[in-house]
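Below you'll find the structure, written out as structure tokens, and then a few comments.
By convention here, the first residue in the shown sequence is residue 1. These values consider heavy atoms only, across backbone and side chains, with no hydrogens, waters or symmetry-generated copies.
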Amino acid sequence: MNSIKLRLLGDGRRGYRQLIRFSTVVVDKGNLIIDCPIHDDAKALHQQFASDLYRIASRLKVIQTVEIKGNGETLYEPCPVRIIF
């Protein structure tokens with residue numbers, strides 16, 4: 001498990017942590033990419049747990065944008081952390 005994923009799992013509500021645990025988490029040139037295995041999980045991450053994700057991602061200085069995918073398909077385009085939430 002990579003260090004960014006461990007940081008994202010370090011806080012947040014139970015449902016949020018479960019979504020992150022089963023997702024692929026990658027940082028590419030400042031873009032945090034979270035790929036949930038199921039489309040509905042990606043939607044839940046954005047709609048129900050955005051505050052958890054924002055709070056944690058905003059503490060990580062290397063994160064400039066966040067992109068949320070469902071099963072490899074981009075559902076929420078890369079957007080600056082402070083704008084999408």
(Q) Taking side chain to side chain donor-acceptor pair (under 3.5 Å) as the definition, give me every residue that meets it alongside Gln47, ordered by chain and number, with sequence neighbours left out. (A) none
Q: For Ile56, check side chain to side chain contact (heavy atoms under 4.5 Å, CB included) against everything at least two apart and list the hits.
A: Leu8, Asp11, Tyr16
(Q) To the nearest 0.5 Å, what is the distance between CG on Leu75 and SG on Cys36? (A) 8.5 Å
Q. Out of curiosity, Ile34 CD1 to Lys5 NZ, how far, rounded to the nearest 0.5 Å?
A. 9.5 Å
Q. Rounded to the nearest 0.5 Å, how far does CZ of Arg7 lie from CD1 of Ile63?
A. 9.5 Å
Q: Hey, could you give me each pair passing salt bridge (charged side-chain N to carboxylate O under 4.0 Å, His left out) that has a residue in residues 40-51? Not counting sequence neighbours.
A: none
Q | Heavy-atom check, side chain of Ile38 versus side chain of Asn71, under 4.5 Å | A | no
Q | Pairwise distance OH(Tyr54) to CZ(Arg59) - rounded to 0.5 angstrom | A | 10.5 Å
Q. Taking only residues two or more places apart in sequence or in another chain, which ones pass side chain to side chain donor-acceptor pair (under 3.5 Å) with Arg17?
A. none
Q. Is Val25 reachable from Leu9 through a run of I, L, V, M, F, W or Y residues, each pair having side-chain heavy atoms under 4.5 Å apart?
A. yes
**Q.** Single-linkage hydrophobic cluster Val27~Ile20, side-chain heavy atoms < 4.5 angstrom
**A.** yes
Q | Contacts of type side chain to side chain contact (heavy atoms under 4.5 Å, CB included), residue Val62, not counting sequence neighbours | A | Ile4
Q: Check side chain to side chain contact (heavy atoms under 4.5 Å, CB included) between Asp35 and all other residues, then give those that pass, not counting sequence neighbours.
A: Thr24, Lys69
Q: Enumerate the residue pairs fulfilling ring-ring contact (aromatic ring centres under 6.0 Å, His included) with a member in residues 57-78, sequence neighbours excluded, ordered by first and then second residue.
A: His46-Tyr76
Q: Go through the steps to decide whether Arg13 and Ser51 satisfy the test side-chain contact (heavy atoms from CB on, under 4.5 Å), and finish with yes or no.
A: CA-CA 10 Å; Arg13 294 174 283 170; Ser51 61; 3.9 Å; yes
(Q) Are the side chains of Ile68 and Thr74 in contact, using a 4.5 Å heavy-atom criterion? (A) no
Q | Residue pair Gly12 / Asp52: nearest heavy atoms and the distance that separates them | A | CA-OD2, 3.2 Å
Q.
Can you list everything that forms a side chain to side chain contact (heavy atoms under 4.5 Å, CB included) with Asn31? Sequence neighbours excluded, please.
A. Ile33, Thr65, Glu67, Pro78
